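Heavy-atom basis, side chains included; hydrogens, waters and symmetry copies ignored. Quick note on labels: first sequence line is chain A, next is B, and so on, each numbered from 1. Remember, predicted model here, so these are calculated numbers, not experimental data.
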Amino acid sequence: MPELPEVETTRRGIEPHVCGQRIDAVILRDTRLRWPISAEVAGLAGRQIEAVSRRGKYLLMRLDRGNLIWHLGMSGSMRILPVGAAAQSHEHVELQLANGQALKFRDPRRFGALLYSEPDPLQHRLLNRLGPEPLGEDFDTEYLHRRCRQRSAAIKNVLMNSHIVVGVGNIYASEALFRAGIRPTRAARRISRARIAGLVDAVREILATAIELGGTTLRDFTQADGNPGYFRHELQVYGNTGECRICGAPIKHVVLGQRSSYYCPECQS
DNA sequence: ATAATAACCTGAGGGC
DNA sequence: TGCCCTCAGGTTATTA
């Protein structure tokens, strides 16, 4: 479920509650995530959480010794609730903190992950080859144009490739391409530099706005306080089985790289 | 190296 | 009500 805006929303939601807190207890109800949760995680009681950051769709917690690397997968979410609150279904991990609050990780499909890394988590094999942050300076026209230049793959698949740029998932890829006026099926190498420039702007604007609105809630995503994200109301094409909000043409639905994709055949070429 | 495909898992919703 | 099917915000591993 969560793309960059949802992960950033989660980060901002939990940070004030967990930063500087000692972990009193770790409760592992189900360790069968994308990768099994290692025994080291079970022994983290007594450590202190010093910082919560994000790299792409990964949430990183720096402890006084070691680091936690979280991924929300397709259906993961985090909540802050008082210690003792009844556990929901699929609430696989709970960190009970010295302030009486608990960080709860819920993930019905278990595509998420919780990894422990003693060294710098950015050097972890899952993170060390990620592309630039879309809201950072390294993601610019020159960069994206270079990465697209030789590629015959559809631009939407390129945008969703975390080794090219992180954080852009199925919803925001469709929305950014609509905003940029580019069909998701277009071969990346067939897009002019000028239109790539527009795409870079579109990606940045869409993601920034989505963060401001607390992400997109379609089904089960919630912010850490339980509220939904409100970007859903801003969606132009994703999940739109009706007409283009700009020109009225019927929105097209195609499958690209096994993922549903939506575009306006009039506004996007 | 790049591109396409299968795989991981549960739940919701539609059709019958 | 219940069964069967399809689909869902992600990513890795495997194969051409």
Side-chain angles (χ1 to χ4, degrees), chain A residues 1-11 29-37 54-59 69-78 88-92 105-115 124-131 134 146-177 184-190 203 206-207 210-211 213-223 228-241 253-262:
Chain A
M1 109 207 343
E3 304 183 35
L4 186 151
E6 290 73 36
V7 178
E8 178 61 21
T9 294
T10 300
R11 191 195 70 75
R29 297 194 179 85
D30 195 338
T31 59
R32 300 172 302 162
L33 299 186
R34 174 78 193 255
W35 295 279
I37 299 176
R54 179 188 57 73
R55 176 75 175 99
K57 296 173 187 168
Y58 291 93
L59 264 179
I69 301 172
W70 301 82
H71 197 288
L72 302 183
M74 200 84 132
S75 60
S77 59
M78 289 181 172
Q88 281 186 291
S89 58
H90 307 295
E91 207 174 86
H92 309 311
F105 175 71
R106 179 169 188 267
D107 182 12
R109 291 176 75 178
R110 289 190 279 114
F111 288 171
L114 171 54
L115 305 167
H124 191 281
R125 53 176 290 277
L126 293 173
L127 283 76
N128 63 7
R129 292 163 72 185
L130 292 175
R146 177 165 56 78
R147 297 303 302 266
C148 285
R149 205 171 285 163
Q150 307 280 44
R151 292 185 185 251
S152 59
I155 183 62
K156 175 160 177 277
N157 292 341
V158 173
L159 265 190
M160 291 176 64
N161 181 343
S162 64
H163 296 292
I164 293 180
V165 60
V166 296
V168 183
N170 204 35
I171 293 179
Y172 299 112
S174 275
E175 294 298 315
L177 287 164
T185 52
R186 177 170 283 275
R189 69 205 305 180
R190 300 282 178 231
V203 167
I206 293 272
L207 295 180
I211 291 171
L213 294 179
T216 300
T217 296
L218 290 183
R219 20 176 66 82
D220 49 6
F221 173 76
T222 62
Q223 304 188 43
Y230 296 101
F231 192 79
R232 181 166 65 90
H233 306 294
E234 308 297 316
L235 298 179
Q236 300 293 311
V237 286
Y238 182 84
N240 181 348
T241 55
H253 175 253
V254 295
V255 175
L256 276 179
Q258 318 173 87
R259 314 304 297 277
S260 268
S261 309
Y262 302 85

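A distance-only check finds no donor-acceptor pair linking the side chain of H92(A) to the backbone of L33(A) [under 3.5 Å]. Between the side chain of Q236(A) and the backbone N or O of E234(A), at least one donor-acceptor pair lies under 3.5 Å. Between the R189(A) side chain and the C148(A) main chain, no donor and acceptor come within less than 3.5 Å of each other.
Residue L33(A) contributes atom CG, which lies 15 Å from atom P of dT11(C) at whole-angstrom precision. For H253(A) and dA8(C), the NE2 to C1' distance is 11 Å, given to the nearest whole Å. Across the protein-nucleic acid pair, H124(A) atom NE2 and dT11(C) atom P stand 15 Å apart, rounded to whole Å. The interatomic distance linking F221(A) (CZ) with dG10(C) (C1') rounds to 15 Å, in whole Å. Atom CG in L256(A) sits about 13 Å away from atom C1' in dA3(B), given to the nearest Å. If you take CG of D107(A) and C1' of dA8(C), they are 13 Å apart, rounded to a whole angstrom. Between N161(A) atom CG and dA1(B) atom C1' the separation is 12 Å, expressed in whole Å. The distance from atom CZ of R189(A) to atom C1' of dA1(B) is 13 Å, rounded to the nearest whole Å.
Spacing between dT12(C) and dG11(B) at atom P, rounded to whole Å, works out to 25 Å. Spacing of P atoms, dC7(C) relative to dT5(B), comes out at 16 Å, to the nearest Å.
No side-chain donor from either of Q223(A) and Y230(A) sits under 3.5 Å from a side-chain acceptor of the other. Side-chain N/O atoms of H253(A) and T241(A) include no donor and acceptor closer than 3.5 Å.
You'll find the side chain of L59(A) reaches within 4.5 Å of the side chain of M78(A), heavy atoms only.
When heavy atoms are screened at a 4.0 angstrom cut-off, R125(A) is found touching the sugar-phosphate backbone but no base atom.
Each of Y58(A) and L218(A) has a nearest nucleotide on DNA chain C; the 5'-most of these lies closest to L218(A).
Base pairing in DNA chain B gives the following stems of 3 or more Watson-Crick or G-U pairs, range against range and under 3.5 Å: B:2-8 with C:10-16, B:10-16 with C:2-8.
The distance from the CG atom of D30(A) to the CZ atom of F105(A) is 10.5 Å, given to the nearest 0.5 Å. Of the inter-residue distances, the one linking L207(A) atom CG with E175(A) atom CD reads 11.0 Å to the nearest 0.5 angstrom. Atoms CD and CD, on E3(A) and E6(A) in that order, are 6.0 Å from each other to the nearest 0.5 Å.
Residues satisfying the side-chain hydrogen bond (donor to acceptor under 3.5 Å, both in side chains) test with R190(A), not counting sequence neighbours, are none.
Minimum atom distance to the side chain of H163(A) is reached by dT12(C), of the listed dT12(C), dA8(C), dG10(C). For L126(A), counting side-chain heavy atoms from C-beta on, the closest listed nucleotide (dA3(B), dT11(C), dT12(C)) is dT12(C). Nearest nucleotide to the M160(A) side chain, out of dA3(B), dT12(C), dG10(C): dG10(C).
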With sugar-phosphate taken as primed atoms, P, OP1 and OP2 and all else as base, the protein-contact string of nucleotides 4-14 of chain B at under 4.0 Å (heavy atoms; B, S, -) is -BB-BBBS---
